[in-house]
Protein chains: 2
Amino acid sequence: MFQLTDGEQEYLHEIGSEINYPKGQIIFSSGQKTNEVYYIISGFVKIYRTTADGRQVSVALRYPGDFIGLAEVLSNSSERGYSAEAMDKVKLLITWQDPFKKMLADVPDFSSKLMELMSDRLREAQNTIYDFIMNPTQGRLALVLLEMAERSGSPGEGGLLNVSLKVTQEELAYIIGASRQTVSSLLNLLKEDGSVKYEGRELVAVESRKLKKWIQNSK
Amino acid sequence: MFQLTDGEQEYLHEIGSEINYPKGQIIFSSGQKTNEVYYIISGFVKIYRTTADGRQVSVALRYPGDFIGLAEVLSNSSERGYSAEAMDKVKLLITWQDPFKKMLADVPDFSSKLMELMSDRLREAQNTIYDFIMNPTQGRLALVLLEMAERSGSPGEGGLLNVSLKVTQEELAYIIGASRQTVSSLLNLLKEDGSVKYEGRELVAVESRKLKKWIQNSK
DNA sequence: AGTTCATTGTCGTGTTGCGGACATATTAGT
DNA sequence: ACTAATATGTCCGCAACACGACAATGAACT
């Protein structure tokens, strides 16, 4: 996986500034001018677009240690193609694109590291496409829950992952491209099955073994 | 769009060799060792994966002027994640990864150009995800036909695009994640509508205006 | 503690699209 | 030209899911 060196972290802190966003805060919006690159210190960020009829479609989730708003800067496109929203309390490092580009030129290997990052992301996006074609709704739901749990959870015994996630069903529906109602019933199936454990409206654990049974042959 | 300079083209020809593949030829397969990078001179290439039960899922199409097999090389992953197959007569330029990486270091701006390419591709992949969520089958079919026509066709008057494409309906089904039968009926609707024109089994023209009416609000 | 708002559960009903089956048409092989 | 292999058209039953409606539950604000 993608990992910055201490030196790179330091450099980023020098040219950027830390900001905290509350849950639901919009970080940037589709159509806006491209000025900054963000580095995620903690929390989840949703990359999405709002359709003409008001629906949301999210195309990716970004996790700590990842950059957002990067593609536009690297490809010199002046407008954001997607919006970004904090799904959680999020701590970001904001850097303006000029010093960021200078860093690209200054710091050896940073450029090739970003190249790796972009390649990984492309692969991820292709996997998402693959999953969309292969998996019916329940599989996609399982996939997303698993991914979020793996990114943020602490492993217990067996395939158990302890997490602490407050994500509404509507949000999940946007991510997997399903209706809210369908997510509701599917989640209940997963609960009965013991694949996921909720405390109130907070997801507290997932049983990855069981969860994987809902996913189609992934390869 | 992505475009190589003459100098870069020349360099590539020096370190690589041209090869012709017939339609249906597999260029590389998922799981294979990563050794080469390919540059498409002419023809279409399908990037796909075969599922356990034999179905194919294609996640992208690549057109002339694009690289394939690039992501694995840039991210130093030793195995191909997807397979690539010629959808046409395809002319490729094969380069081994070592001289290719040397070129990256040698040729100024080549690296940043590839960065742009990767960014564009990521954006494309995200758009594909978006379209999958937003568009029902007929919309996805229209999108793919339009894209292929735009990439290979010569524009006539109005929104007309003259092309010459031999793609089976099964192939289209793999690309849009639908069943062969559904593609068959939808294509007939498109023909009746005048959105596409066939001569035998060859697609010869698309009426982009009409075709676009089958696509949901794309932004 | 009470009111308000957001979130979730659960019905119907209607549509879309899959997948099997089979006929027909077209292309390729020898 | 004849045969085999591929590709296409079409019908039908079935399952998955969307979408509207509304109730019930839980959370947040004052």
Side-chain angles (χ1 to χ4, degrees), chain A residues 22-24 51 53-57 85 87-89 131-142 144-145 164-193 196-204 214-216, chain B residues 22-25 51 53-57 85 87-89 131-145 164-193 196-204 214-216:
Chain A
K23 179 175 181 160
T51 66
D53 55 325
R55 267 170 63 202
Q56 274 191 18
V57 174
E85 183 185 320
M87 293 197 64
D88 231 352
K89 272 177 196 164
D131 292 332
F132 254 94
I133 296 183
M134 275 302 293
N135 279 292
T137 314
Q138 101 246 61
R140 299 205 294 271
L141 179 59
V144 169
L145 291 173
S164 164
L165 287 172
K166 268 173 266 174
V167 191
T168 70
Q169 302 184 348
E170 198 175 21
E171 202 68 66
L172 289 172
Y174 291 150
I175 298 171
I176 65 174
S179 72
R180 201 219 90 227
Q181 293 95 321
T182 302
V183 171
S184 173
S185 4
L186 288 178
L187 265 184
N188 287 329
L189 287 183
L190 293 181
K191 283 182 204 164
E192 278 174 34
D193 180 63
V196 300
K197 258 163 236 158
Y198 268 83
E199 262 167 30
R201 285 176 177 167
E202 185 175 3
L203 177 64
V204 294
W214 297 86
I215 305 172
Q216 299 284 76
Chain B
K23 180 175 182 163
Q25 176 74 240
T51 67
D53 54 324
R55 267 170 62 201
Q56 275 191 16
V57 174
E85 183 185 319
M87 293 195 66
D88 230 352
K89 270 178 199 167
D131 292 331
F132 255 95
I133 296 183
M134 277 301 295
N135 278 291
T137 312
Q138 98 245 53
R140 298 205 296 274
L141 180 59
L143 270 165
V144 169
L145 291 173
S164 164
L165 286 173
K166 268 173 268 175
V167 192
T168 69
Q169 301 183 350
E170 197 175 21
E171 203 69 64
L172 288 172
Y174 291 150
I175 297 171
I176 67 176
S179 72
R180 201 218 88 226
Q181 293 94 323
T182 303
V183 171
S184 174
S185 2
L186 288 178
L187 266 184
N188 287 329
L189 288 183
L190 293 182
K191 283 182 206 166
E192 278 173 38
D193 180 61
V196 300
K197 259 162 235 155
Y198 268 83
E199 263 168 28
R201 285 177 177 167
E202 184 174 3
L203 177 65
V204 294
W214 296 86
I215 304 172
Q216 299 283 77

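Chain A is the first sequence line, chain B the second, and so forth, proteins listed ahead of strands; every chain is numbered from 1.
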Can you check whether B:L186's main-chain N or O pairs, donor with acceptor, with B:K191's side chain at less than 3.5 Å?
no

Between OH of A:Y198 and P of C:dG9 the distance, given in whole Å, is 9 Å

- Query: Below 4.0 angstrom from OP1 or OP2 of C:dG17, is there any side-chain N or O of B:T182?
  - Reply: no

From CD1 of B:I176 across to P of C:dC18 the rounded distance in Å is 8 Å

Handout entry: Side-chain (A:R180) to main-chain (A:E170) donor-acceptor, under 3.5 angstrom
Key = no

Rounded to whole Å, the CD-C1' distance (A:E192 to C:dT10) equals 14 Å

Rounded to whole Å, NZ of B:K191 lies from C1' of D:dG9 at a distance of 9 Å

### Message
Given the structure, check if the side chain of A:Q181 and the base of D:dG20 hold any donor-acceptor pair shorter than 3.5 Å.
### Response
yes

The nucleotide from D:dA27, C:dG17, D:dT10 with an atom nearest the side chain of B:R180 is D:dT10

Practice problem: Using a heavy-atom cut-off of under 4.0 Å over every strand shown, decide if A:S184 touches base, sugar-phosphate, or nothing. | Solution: base

Separation of C:dG9 atom C1' from A:L187 atom CG, nearest Å, is 12 Å

Notebook entry, point to check: OP1 or OP2 of C:dT8 less than 4.0 angstrom from a side-chain nitrogen or oxygen of A:N188, does that happen here?
Noted result: no

Contacts of B:V183 and A:S179 projected onto DNA chain D by closest heavy atom; the upstream (5') one is B:V183

(message) Could you check whether any side-chain N or O of A:K23 sits under 3.5 Å from a backbone N or O of A:K166, counting only pairs where one atom can act as donor and the other as acceptor?
(response) yes

* Quick check: does any side chain N or O of A:S185 sit under 3.5 Å from a backbone N or O of A:Q181, one acting as donor and the other as acceptor? -> yes

Of the candidates C:dT7, C:dG19, C:dC18, the side chain of A:R201 sits closest to C:dT7

Contacts of A:G200 and A:P136 projected onto DNA chain D by closest heavy atom; the upstream (5') one is A:P136

Query raised in the report: Reckon A:T137 touches a base, only the sugar-phosphate, or nothing at all at heavy-atom distances under 4.0 Å?
Result: sugar-phosphate

From CZ of A:R140 across to P of D:dA16 the rounded distance in Å is 14 Å

From the list A:N135, A:L190, A:L189, side-chain contact (heavy atoms from CB on, under 4.5 Å) with A:L141 holds only for A:L190

Need one value for B:K23: base, sugar-phosphate or nothing, where a base atom within 4.0 Å counts as base even if backbone is also close, heavy atoms only.
nothing

Rounded to whole Å, CG of A:L172 lies from P of C:dA6 at a distance of 19 Å

Here the distance between atom P of C:dT8 and atom CG of A:L190, to the nearest Å, is 14 Å

Check whether any side-chain N or O of B:T168 sits under 4.0 Å from OP1 or OP2 of D:dA7, and answer yes or no. no

